[in-house]
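Read through the structure below, which is laid out as structure tokens, and then see the notes.
Because only heavy atoms are used, hydrogens play no part in the values below, and waters and symmetry mates are left out as well, while side chains stay in. Computed from a predicted model, the values in this text were never measured in an experiment.
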Amino acid sequence: VRYHHDVGTKGGAVHHLVELRNEAARGPTVDTLKRSIDRLCEMAIGRFIPEGGMNVAATTPYAEGIEETATIDGKIRETADGIETEGCIRFGVPSDLARRLLEAREHRPDLSAALECRPDNDLKEAIETLEWPLVGDDGEPTDKSAMSSLTDSEAADGIVVVDHGETATVLGPTPETLVDRLSELIG
């Protein structure tokens with residue numbers, strides 16, 4: 001039983017309301033993601049935006065597929081007028097970030113938000129200073145080994161960074177937590 005009530009001595013009783021509660025969480029998931037993206041666009045995050053743009057993703061509590069993952073149908077980019085988003089937030093937008101977040105949830109179900117960023121030396125130094133776990137920093141393009149090592153990585157605030165070479169994925173329990181911790185990196 002994948003989702004159960006925490007009762008009894010074994011896996012617990014079957015949670016029959018998973019689909020209903022997951023569906024009910026779609027609106028709050030989009031609202032939280034929108035507020036977090038608005039905060040990101042107000043911050044000086046230009047140095048963290050990858051060349052192809054940045055994206056942010058959030059899942060419903062019991063997400064198992066792309067259709068239960070909300071992302072921007074576009075990217076966050078740095079423009080002459082500041083940081084702006086292209087597109088709107090939607091569920092079911094296929095992206096590498098959504099796939100990585102779902103893969104990470106296989107090993108760490110407490111992770112429900114992800115952010116793409118540029119893994120430069122400043123970011124790596126800040127990660128070491130804040131003592132965030134960094135997995136997959138061997139520069140390999142594959143995510144399999146990095147994602148499987150998430151099980152062993154635990155930070156006090158739930159933040160984990162996965163380095164994929166060209167981009168890094170910052171994973172956390174909520175979009176708000178990701179934005180709060182990113183503001184620590186900038187500060």
Inset, instruction - Report yes or no: do V56 and I89 belong to one cluster of Ile/Leu/Val/Met/Phe/Trp/Tyr joined by side chain heavy-atom distances under 4.5 Å? - result: yes

Legend entry - Cluster overlap I76 with V30, hydrophobic side-chain contacts below 4.5 Å: yes

What heavy-atom pair brings [X] and [Y] nearest, and what distance separates the two atoms?
X	Y	value
R90	D73	NE-OD2, 3.1 Å
M54	F48	CE-O, 3.7 Å
E64	L102	C-CD2, 4.0 Å
L171	L178	C-CD2, 3.7 Å
C117	P50	C-CG, 3.7 Å
L101	L111	CD1-O, 4.1 Å

Is the shortest heavy-atom distance from the side chain of [X] to the side chain of [Y] under 4.5 Å?
X	Y	value
T69	R99	no
M43	V179	yes
L33	P175	yes

Inset, instruction - Could you tell me which residues satisfy side chain to side chain contact (heavy atoms under 4.5 Å, CB included) with L97, sequence neighbours excluded, listed by chain and number? - result: N55, A57, S95, A114, E116, T169

[X] side, atom [atom1]; [Y] side, atom [atom2] - distance, nearest 0.5 Å:
X	Y	atom1	atom2	value
D38	I83	CG	CD1	13.0 Å
I72	K34	CD1	NZ	9.0 Å
F91	T71	CZ	OG1	9.5 Å
L182	L40	CG	CG	6.0 Å

Inset, instruction - Salt-bridge test for R35 and D31: reply yes if a basic N is under 4.0 Å from a carboxylate O, no otherwise. - result: no

Legend entry - Under-4.0 Å salt bridge between R181 and E184: yes

Inset, instruction - Begin with the C-alpha distance, continue with both residues' side-chain angles, and end with the deciding distance and a verdict on side chain to side chain contact (heavy atoms under 4.5 Å, CB included) for R39 and D180. - result: CA-CA 9 Å; R39 282 183 57 207; D180 291 344; 2.7 Å; yes

Legend entry - Under 3.5 Å donor-acceptor, S112 side chain and P173 backbone: yes

Legend entry - Side-chain (R77) to main-chain (G52) donor-acceptor, under 3.5 angstrom: yes

Inset, instruction - Using the side chain to side chain donor-acceptor pair (under 3.5 Å) rule, pick out the option among N22, T29, T60 that qualifies with E68. - result: N22

